[in-house]
Protein chains: 2
Amino acid sequence: MIRMSKETDYGIVVLAYFASAKEGLKQNAREVAMESQLPLPMVRKILKILAREGLLVSQRGAKGGYSLTRGGERISIAEIVTAMEGPLAMTECIEAPGECRHEPVCGIRTSWQKINQIVFQALNNMTLSDLTGPLPGPMGSDPGKLVSLQ
Amino acid sequence: MIRMSKETDYGIVVLAYFASAKEGLKQNAREVAMESQLPLPMVRKILKILAREGLLVSQRGAKGGYSLTRGGERISIAEIVTAMEGPLAMTECIEAPGECRHEPVCGIRTSWQKINQIVFQALNNMTLSDLTGPLPGPMGSDPGKLVSLQ
DNA sequence: CTTAATTAGTACCAATCCAGTACTAATTAA
DNA sequence: TTAATTAGTACTGGATTGGTACTAATTAAG
């Protein structure tokens, strides 16, 4: 199954929450967990990752917390996915070239790279702001470009 | 990690093999396993699924085997993925609406549907023939359309 | 200076999922 | 009738994942 891990899914939910809140809002893990209805230990784990990867800035100590490093319109979904789970790699041969023992006789590795790239671009064309914008309705910073896909 | 399961990956490899062979070629599981360098039991399993899902036509009994039901240019990658693992669902709430307990308070489910759709369209725009075409070099029935994505 | 609150880092665990295998039944060419 | 082959299903060991626990480092406030 081609599926987002729950961790990544939650990461996007958490970031969408920050993006939809007042610009520059700082909140601690407990507050984020409350608001997003996600388990606190999980939220802690995710916030740490997002801070380490530079999508959130953290302040340690009492009255500490997290806030977005940039506006939601400047954070793509692809970037979040990459932060949570490393470079997008839909097959083993994308992530670790040379390790698949079929690689020498596999005629479609080049094609996998293209498929991977297409999916990446699709995720890269959507931003956090697109998620938190007015719903339902047209979405995306450039919906026309996306729709032209079909 | 957003990754194809090995089963799906192998399914695409196997189908690409059929598509690149002589039009209408019929081969049994053993032959396919030999050619594709994949484990025989796995190949058997995959061929069964692809036949059940209508991408391959099977002939049972001695001298039986499998062949493509259509030309490779009429089989999309999205179709293969769907055959191997059911409808593309990047999150639980896509596959089983109503089961995620966060759904009532989740502000981004509609967006997930759009992301899912974009990825699907990306995979739907690429066919088996695109995989087996001349490599290396430009690929796809309409490379320009794909490239315009960036 | 001390304390309490908070993030950072790491290690851990149970449950689920997945790649791969095994076995039996049904079908068919010879 | 036999041998070859696909159809269907069940099983398993190992990897992955969702989630937790614990300790160290940092900092605001009294």
Side-chain angles (χ1 to χ4, degrees), chain A residues 1-14 18 26-34 36-67 69 81 84-86 89 91-92 95-96 99-102, chain B residues 1-14 18 26-34 36-67 69 84-86 89-92 95-96 99-102:
Chain A
M1 178 63 60
I2 302 178
R3 180 167 296 193
M4 220 53 80
S5 73
K6 277 234 165 68
E7 216 169 88
T8 302
D9 185 356
Y10 292 169
I12 294 175
V13 169
V14 164
F18 273 101
K26 185 180 76 176
Q27 286 206 311
N28 65 30
R30 189 173 307 274
E31 292 165 324
V32 173
M34 292 281 287
S36 60
Q37 310 256 337
L38 298 174
L40 176 57
M42 198 61 185
V43 167
R44 278 205 236 265
K45 186 183 190 175
I46 288 165
L47 290 172
K48 286 175 201 172
I49 296 174
L50 293 173
R52 168 165 53 82
E53 299 298 319
L55 292 175
L56 291 175
V57 56
S58 67
Q59 188 194 344
R60 300 174 69 165
K63 306 262 168 157
Y66 299 86
S67 54
T69 54
V81 170
M84 294 301 298
E85 41 191 58
T91 60
E92 181 184 347
E95 186 177 32
E99 280 193 15
C100 173
R101 66 191 175 83
H102 305 113
Chain B
M1 175 65 59
I2 302 177
R3 181 167 296 193
M4 217 59 75
S5 73
K6 278 237 164 66
E7 217 170 87
T8 302
D9 185 355
Y10 293 169
I12 293 175
V13 169
V14 163
F18 273 101
K26 184 179 76 175
Q27 286 206 312
N28 65 29
R30 189 174 305 274
E31 292 166 323
V32 174
M34 292 282 286
S36 60
Q37 310 255 336
L38 298 175
L40 176 56
M42 199 63 185
V43 167
R44 279 204 234 266
K45 186 182 190 176
I46 288 165
L47 290 172
K48 285 175 201 174
I49 296 173
L50 293 173
R52 168 165 53 82
E53 298 299 319
L55 291 175
L56 291 175
V57 55
S58 68
Q59 189 194 342
R60 300 172 72 166
K63 306 262 169 153
Y66 300 86
S67 54
T69 53
M84 293 301 299
E85 40 190 60
M90 300 195 64
T91 59
E92 181 184 346
E95 186 178 31
E99 280 193 15
C100 174
R101 66 190 176 83
H102 305 113

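These numbers come from a predicted model, not from an experiment. So you know, we letter chains A, B, ... as the sequences are listed, proteins then strands, and number each from 1.
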Sorted by chain and number, sequence neighbours left out, side-chain contact (heavy atoms from CB on, under 4.5 Å) with B:Glu7 holds for B:Ser5, B:Met42, B:Lys45, B:Ile46, B:Ile49, B:Met84
Within this structure, what is the CD-to-C1' distance between A:Glu53 and C:dA8, rounded to whole angstrom? 14 Å
Separation of D:dT16 atom P from A:Arg3 atom CZ, nearest Å, is 19 Å
Between the main-chain N or O of B:Gln37 and the side-chain N or O of A:His102, is there a donor-acceptor pair closer than 3.5 Å? yes
Heavy-atom side-chain proximity of A:Leu56 to A:Phe18 below 4.5 angstrom: yes
Does a side-chain N or O from B:Ser58 land closer than 4.0 Å to OP1 or OP2 of D:dA7, or not? yes
In whole angstroms, the gap separating C1' of D:dA21 from CG of A:Leu40 amounts to 12 Å
Residues that A:Glu85 engages under salt bridge (charged side-chain N to carboxylate O under 4.0 Å, His left out), provided they are two or more places apart: none
Separation of C:dA19 atom C1' from B:Leu38 atom CG, nearest Å, is 12 Å
Partners passing salt bridge (charged side-chain N to carboxylate O under 4.0 Å, His left out) against B:Lys63 (at least two apart in sequence or in another chain): none
Residues that A:Ser67 engages under side-chain contact (heavy atoms from CB on, under 4.5 Å), provided they are two or more places apart: A:Lys26, A:Val57
A:Met4 CE to D:dT17 P, straight-line distance once rounded to whole Å: 14 Å
What residues form a salt bridge (charged side-chain N to carboxylate O under 4.0 Å, His left out) with A:Glu95, not counting sequence neighbours? B:Arg3
So which protein nitrogen or oxygen atoms get under 3.5 Å of nucleotides 26-30 of chain C's nitrogens or oxygens?
unit_1	atom_1	unit_2	atom_2	d
C:dA26	N3	B:Arg60	NH2	3.3
C:dT27	O2	B:Gly61	N	3.4
C:dT28	O2	B:Ala62	N	3.2
C:dA29	OP1	B:Gln59	NE2	3.3

When you match A:Lys6 and B:Asn28 each to their closest nucleotide on DNA chain D, which lands nearer the 5' end? B:Asn28
Atom pair distance, as rounded to whole Å: CG in A:Leu50 and C1' in C:dA8: 14 Å
For a 4.5 angstrom cut-off between non-hydrogen side-chain atoms, does A:Arg44 reach A:Leu47? no
Return the value, rounded to whole Å, for the distance between atom NE2 of A:His102 and atom P of C:dA19. 13 Å
Report the secondary structure of DNA chain C in dot-bracket form, marking unpaired bases with a dot and bases paired to a different strand with |, and treating Watson-Crick or G-U pairs with both distances under 3.5 Å as paired. ||||||||||||||||||||||||||||||
Under 4.0 Å from any atom of DNA chain D, heavy atoms only: list the residues of residues 42-49 of chain B that qualify, in numerical order. B:Arg44, B:Lys48
Can you tell me the distance, in whole Å, between the CD atom of A:Glu31 and the C1' atom of C:dT7? 14 Å
Answer whether the closest heavy-atom distance between the side chains of B:Tyr66 and B:Glu31 falls below 4.5 Å. no
From A:Thr69 OG1 over to A:Leu55 CG, what is the distance, rounded to the nearest 0.5 angstrom? 6.0 Å
With heavy-atom distances below 4.5 Å as the criterion, would you say the side chains of A:Met4 and A:Tyr10 are in contact? no
Under 4.0 Å between a side-chain N/O of A:Tyr10 and OP1 or OP2 of D:dG19, yes or no? yes
